[in-house]
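In what follows, residues are counted from 1 in the order of the sequence shown.
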Amino acid sequence: MKPSCLSPAKRFLPAVPLALVAVLLLCLAVGCGSSSSPAVSSPDRVVDAENPLQVTATVAMVADLVRNVGGERTEVNQLCGSGVDPHLYKVTRDDVLAMRSSDMVFYSGLMLEGKMADALVKEARKRPVIAVTENVPEELLLEPDDFAGHYDPHLWMDVSAWSQCVDVIADELCEFDPEGESIYRRNAESYKRQLSALHQYGQASLATIPKTSRLMVTSHDAFNYFGRAYGLEVTGVQGVSTESEAGLQWINQLVSMIVDRDVKAVFVESSVASDNVEALVEGARAKGHEVKIADKELFSDAMGAPGTYEGTYIGMLDHNITVVTRALGGQANQAGLNGQLQTKP
């Protein structure tokens, strides 16, 4: 379904917590010291490879989707870099300047960028600010017990669900730049075919893990969608948001679970400190059980280094799928679906 044509400010609001909606609407209604929201319209200038749309994206997973759909007609600036935790990220002066110089801003939504909300609301008065998850059906969203009142934002861990965000981006780019519609639609369809192949690879590879080994223990609960999509039981030391702290009682419970179920490997993440996972290893060893930390970190809230295969969304998930499969006793090519993964630890 194509997003309705709302003012930039109102298009931001669906991803803002409901308790804040009334306050934000009042603030926007009185202007908060600025002029009323401009209508969403195409730029006055010509858009092409030499004069691309200037787009800002909050996190790498969103930026990569926009790059794939926008192609040469977009130039994408990404706020959160490799290894940066978006749950804790605070907007800098440079970030504000980047958004102010942009034609459009895309963000993930579902409260992933919680500390960026104020800046996004302010920018929504002046230009389109779009949550790529805005049209994902609620029945596909998870609401963990320790995140009551909010949905789990880590939707990109289910490739089939995240692929639904591609059409939102295509629709918005077409609305802003109608002359590029055929390009945006073609790019979107091509990219969705690649995502479909990746999702099928995930299903096939992770299905080879023995039934007795299908427990995935990670640094924090970023992999709930991953577990649902690919048939794994997932638990994290920390909660959905990395702002939560792992309690000693919960760590002891996880140690007992690892020992009782003879878990062979646990996982750390590139954007989360490894201390708590290392505590699990030590706790299990104290009980006479050897569990290893997988030889490669998983990508959860951030992708790999820019310019690498793992620095793309497809490479990120290819890496996660392949590392988890092999660490838990399944069968997967070490170089992954497309043979491009780094094979050295």
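Residues passing the salt bridge (charged side-chain N to carboxylate O under 4.0 Å, His left out) test with K264 are D262, sequence neighbours excluded. For K292, there are no side-chain hydrogen bond (donor to acceptor under 3.5 Å, both in side chains) partners at least two apart in sequence or on another chain. Every residue two or more places apart in sequence or in another chain was checked for a salt bridge (charged side-chain N to carboxylate O under 4.0 Å, His left out) with D318, and none qualifies. Partners of N333 according to the side-chain contact (heavy atoms from CB on, under 4.5 Å) rule, which considers only residues two or more places apart in sequence or in another chain, are A335. Partners of F223 by ring-ring contact (aromatic ring centres under 6.0 Å, His included), not counting sequence neighbours, listed by chain and number: F226. Residues satisfying the salt bridge (charged side-chain N to carboxylate O under 4.0 Å, His left out) criterion with E50, sequence neighbours excluded, are absent altogether.
Within the model, atoms CE of M257 and CG of L215 stand 6.5 Å from one another, a figure rounded to the nearest 0.5 Å. Here the CD1 atom belonging to I321 is positioned 8.0 Å from the CG atom belonging to L337, to the nearest 0.5 angstrom. How far CZ of F176 is from CZ of R127: 9.0 Å, rounded to the nearest 0.5 Å. In this structure, OH in Y151 is found 14.0 Å from CE in M111, a value given to the nearest 0.5 Å. The structure places NZ of K115 at 12.5 Å from CG of L112, a figure rounded to the nearest 0.5 Å. One distance of note links NE2 of H319 with CE of M303; it measures 12.5 Å at 0.5 Å rounding.
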Check the pair F267, V277 against side-chain contact (heavy atoms from CB on, under 4.5 Å), reporting the backbone distance first and the verdict last.
CA-CA 7 Å; F267 302 90; V277 175; over 6 Å; no
Check the pair V323 / T325 against side-chain contact (heavy atoms from CB on, under 4.5 Å), numbers first and verdict last.
CA-CA 6 Å; V323 169; T325 298; over 6 Å; no
Please walk me through it: do T308 and Q340 pass side-chain contact (heavy atoms from CB on, under 4.5 Å)?
CA-CA 9 Å; T308 67; Q340 298 183 50; over 6 Å; no
After noting the C-alpha distance and the side-chain angles of M116 and E123, does the key distance pass the side-chain contact (heavy atoms from CB on, under 4.5 Å) rule?
CA-CA 11 Å; M116 303 184 215; E123 291 307 313; over 6 Å; no
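In this structure, the side chains of M104 and I130 come closer than 4.5 Å at one or more pairs of heavy atoms. Looking at P86 and T58, their side chains never come closer than 4.5 Å, going by heavy atoms from C-beta outward. Side-chain contact between Q164 and T133: absent, with no pair of heavy atoms (C-beta onward) separated by less than 4.5 Å. Side chains of L206 and T208 form no contact here, defined as non-hydrogen atoms less than 4.5 Å apart. Using a 4.5 Å cut-off on side-chain heavy atoms (C-beta onward), K192 and S196 make no contact. Under the 4.5 Å side-chain criterion, counting only non-hydrogen atoms from C-beta, E278 is in contact with I293. No side-chain heavy atom of D152 sits less than 4.5 Å from a side-chain heavy atom of L110. A heavy-atom distance below 4.5 Å is not found between the side chains of E113 and C80.
Closest heavy-atom contact between S219 and V268: OG-CA, 3.3 Å. Minimum interatomic distance between L120 and M99 (heavy atoms only, all atoms of both residues): CD2-SD, 4.1 Å. In plain terms, the two heavy atoms of V46 and N51 that are nearest each other are O-CB, 3.3 Å. Residue Y230 comes nearest to G202 through the heavy atom pair CD2-C, 3.6 Å, listed as atom of the first residue, atom of the second, then distance. Here the shortest heavy-atom pairing between A222 and E269 reads CB-OE1, 4.2 Å. Between S300 and M316, the shortest heavy-atom distance links the atoms O-CE, 3.3 Å.
Side-chain atoms of E75 do not come within 3.5 Å of backbone N or O of P52 as any donor-acceptor pair. Listed for the D177 side chain is no donor-acceptor partner under 3.5 Å among the backbone atoms of L173. Using modelled atom types, no side-chain atom of R73 and backbone atom of L53 make a donor-acceptor pair closer than 3.5 Å. Under the 3.5 Å distance criterion, the side-chain polar atoms of Y225 are matched with a main-chain donor or acceptor of L142. No donor-acceptor pair closer than 3.5 Å links the side chain of W162 to the backbone N or O of H154. Remark: the backbone N or O of V237 is paired with a side-chain donor or acceptor of W250 at under 3.5 angstrom. Checking side-chain atoms of H289 against main-chain N and O of V263 turns up a donor-acceptor pair under 3.5 Å. A donor-acceptor distance shorter than 3.5 angstrom exists from the side chain of D103 to the backbone of Q54, with no hydrogens or angles considered. Side chain of S101 to backbone of L97: a donor-acceptor contact under 3.5 angstrom is found. With hydrogens and angles ignored, the 3.5 Å screen pairs a side-chain donor or acceptor of D221 with a backbone N or O of G236.
Salt-bridge check for E310 with K296: failed, with every basic side-chain N at 4.0 Å or more from each acidic carboxylate O. The pair D167-R185 fails the salt-bridge criterion, with no side-chain N (NZ, NE, NH1 or NH2) lying under 4.0 Å from an Asp/Glu carboxylate O. With respect to D295 and R326, no salt bridge is recorded, no charged nitrogen being found less than 4.0 Å from a carboxylate O.
Residues T322 and Y201 have side chains that bring a donor and an acceptor to within less than 3.5 angstrom of each other. For T92 and D95, the side-chain atoms include at least one donor-acceptor pair closer than 3.5 Å. Counted by atom type alone, N338 and Y309 present one or more donor-acceptor pairs between their side chains at under 3.5 Å. Side chain to side chain, Y89 and D301 fail the donor-acceptor criterion of an N or O pair below 3.5 Å.
Cluster annotation: I183 is not connected to I169 through the hydrophobic network of ILVMFWY side chains, with a link wherever side-chain heavy atoms come within less than 4.5 Å.
Under a cut-off of 6.0 angstrom, the local environment of CD in E72 is sparse, with at most 12 non-hydrogen atoms contributed by other residues, nucleotides or ligands. Heavy-atom neighbours of Q253 CD from other residues, nucleotides or ligands within 6.0 Å: above the threshold of 12.
Exactly one residue among T218, V234, L232 makes a side chain to side chain contact (heavy atoms under 4.5 Å, CB included) with V324. That residue is L232.
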